[in-house]
Structures are given as C-alpha cells and as structure tokens.
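What follows is a single structure, written as structure tokens, with notes after it.
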Amino acid sequence: MQIGPTYSQETNGIRVTVQPMYLEDHSDPIFNHYVFVYAVRIENNGRKTMQLLSRRWLIHDSNGENHEVQGDGVVGEQPVLSSGDVHEYQSFCVLKSPRGYMEGSYRFIGRDDVIMEAQIPRFYLEADA
C-alpha cells in the first residue's frame, strides 16, 4: 500500500481532510485496473449542528475519462455533526490509469433547514509515486 499526502479544505466551518492510498495488491496494471482507497475525516468546526445529506464526487483519470458520482450520505450514513464532532470513513475508487484525481462536495442541512455545501479538496491518486 502506498500512502499519499493529506489534503484538507474548510468551507463554512466544515473541514474535509482526505488521504488517498494506492492498493497495489488489488490492482492489475496489465488490465488497466488501479485501485485506490481514500480515508475521509469531516470535522464540524462551526457553531451549528449539521447533518450530511449527500455527496457529489468528480473522478478524473489521466486517460481523460471523467465520472460523476452522486448519492445520499457517505457509505450508507447521514451523520449528524454537532459543533466539534468528527466523522471518519473510508471508501475506494478504481481508475483505468495509474494517475488521476478526485474532488467534489458534501451537502449539509442545519437544524434551521439551511442547506450548505462543503467542498471536498482536490486530491491526487498516483500509483507510480
């Protein structure tokens, strides 16, 4: 496993930190199959309690393929984060090239029914780093 650098960005009090890892043992470069895992940490540094409603990922590989993934919550959960709370999870993606990047956003709602987007920082996926 090759662990990549950590990427972090804060939007409206929500800090998103991502650390990608290349899973060489699960990849097969001969068949253009590169598996990456990424660990995500979401911190509520704001004053309001927020619930994560949905996610939107933009996935780009060095072959020029682009994919958009949208859905409710993260890994089947829609966590509620009070001020100071943290939610962590891991997920993965498969690229057809050894390099690419991901970025996106999470949609949150406050108890006051105000919707807010938190940016997921662009992070790079590199099998040959």
Side-chain angles (χ1 to χ4, degrees):
M1 179 183 330
Q2 291 175 271
I3 299 175
T6 300
Y7 302 86
S8 192
Q9 183 171 348
E10 187 167 322
T11 312
N12 298 319
I14 301 292
R15 175 170 292 281
V16 178
T17 304
V18 183
Q19 184 169 40
M21 294 156 267
Y22 172 57
L23 296 182
E24 188 172 0
D25 293 347
H26 291 83
S27 298
D28 194 343
I30 292 171
F31 293 101
N32 296 320
H33 185 85
Y34 299 86
V35 180
F36 296 89
V37 170
Y38 49 93
V40 180
R41 177 181 172 94
I42 303 168
E43 303 172 69
N44 184 353
N45 295 326
R47 297 181 188 203
K48 297 180 357 180
T49 296
M50 303 295 286
Q51 181 176 14
L52 192 154
L53 294 177
S54 61
R55 70 194 182 286
R56 178 175 179 252
W57 286 102
L58 303 173
I59 305 166
H60 311 271
D61 72 24
S62 58
N63 290 342
E65 287 196 30
N66 300 309
H67 300 283
E68 182 175 345
V69 177
Q70 295 187 50
D72 293 338
V74 290
V75 293
E77 298 180 305
Q78 291 181 310
V80 175
L81 301 173
S82 298
S83 180
D85 283 353
V86 172
H87 181 76
E88 295 180 317
Y89 72 95
Q90 286 190 353
S91 192
F92 74 97
C93 75
V94 177
L95 297 184
K96 293 180 181 177
S97 69
R99 286 177 299 289
Y101 64 91
M102 293 176 63
E103 60 192 333
S105 61
Y106 295 119
R107 177 168 282 186
F108 286 86
I109 189 166
R111 289 194 172 146
D112 55 4
D113 291 331
V114 173
I115 300 286
M116 188 268 297
E117 298 280 332
Q119 296 303 305
I120 301 167
R122 177 179 290 187
F123 59 96
Y124 293 90
L125 306 165
E126 298 184 5
D128 49 7

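This one's a predicted model, so the numbers in the text were calculated from it and none came from an experiment.
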task: Would you please test Leu58 and Asn66 for side-chain contact (heavy atoms from CB on, under 4.5 Å) and show each step?
output: CA-CA 7 Å; Leu58 303 173; Asn66 300 309; over 6 Å; no

Nearest heavy-atom pair of [X] and [Y]: which atoms, and what distance?
X: Val35; Y: Tyr22; answer: O-CD1, 3.4 Å
X: Ser97; Y: Arg99; answer: OG-O, 2.8 Å
X: Gln90; Y: Val37; answer: OE1-CG1, 3.9 Å
X: Cys93; Y: Met102; answer: SG-SD, 3.6 Å
X: Gln119; Y: Ser105; answer: NE2-CB, 4.0 Å

Looking at side-chain heavy atoms only, is the closest gap between [X] and [Y] below 4.5 Å?
X: Gln9; Y: Glu103; answer: no
X: Tyr7; Y: Pro20; answer: yes
X: Val16; Y: Pro121; answer: yes
X: Arg15; Y: Ser8; answer: yes
X: Tyr89; Y: Ile42; answer: yes
X: Leu23; Y: Phe92; answer: no
X: Ile59; Y: Leu95; answer: yes

message: For residues 57-80, which residue pairs pass the salt bridge (charged side-chain N to carboxylate O under 4.0 Å, His left out) check, not counting sequence neighbours?
response: Arg56-Glu68, Glu65-Lys96

How many angstroms lie between [atom1] in [X] and [atom2] in [Y], if you round to the nearest 0.5 Å?
X: Glu10; Y: Thr17; atom1: CD; atom2: OG1; value: 9.0 Å
X: Asp85; Y: Thr49; atom1: CG; atom2: OG1; value: 7.5 Å
X: Thr11; Y: Ile120; atom1: OG1; atom2: CD1; value: 9.5 Å
X: Met116; Y: Leu53; atom1: CE; atom2: CG; value: 10.0 Å
X: Phe123; Y: Phe36; atom1: CZ; atom2: CZ; value: 10.5 Å
X: Lys48; Y: Leu81; atom1: NZ; atom2: CG; value: 13.5 Å

Heavy-atom donor-acceptor pair, [X] side chain to [Y] backbone, under 3.5 Å:
X: Glu43; Y: Val86; answer: no
X: Ser62; Y: Gly100; answer: no
X: Arg55; Y: Gly73; answer: yes

query: Taking it one step at a time, do Asn12 and Phe108 satisfy side-chain contact (heavy atoms from CB on, under 4.5 Å)?
result: CA-CA 11 Å; Asn12 298 319; Phe108 286 86; over 6 Å; no

- request: Please list all pairs passing the side chain to side chain donor-acceptor pair (under 3.5 Å) test where one or both residues lie in residues 28-37, with sequence neighbours left out.
  value: none

message: Are Val75 and Val40 linked, directly or through intermediate hydrophobic residues, by side-chain heavy-atom contacts shorter than 4.5 Å (ILVMFWY only)?
response: yes

- request: Indicate, with yes or no, if Ile115 and Tyr106 share a hydrophobic cluster defined by side-chain heavy-atom contacts under 4.5 Å among Ile, Leu, Val, Met, Phe, Trp and Tyr.
  value: no

- request: Give me the one residue out of His87, Gln19, Glu88 that meets side-chain hydrogen bond (donor to acceptor under 3.5 Å, both in side chains) with Arg41.
  value: Glu88

field: Audit row: Ile14, Leu52, side-chain contact (heavy atoms from CB on, under 4.5 Å) steps and yes/no
entry: CA-CA 11 Å; Ile14 301 292; Leu52 192 154; over 6 Å; no

- request: Kindly assign one of parallel, tilted or perpendicular to the pair Tyr124 and Tyr101, based on the angle between their ring planes and the thresholds 30° and 60°.
  value: tilted

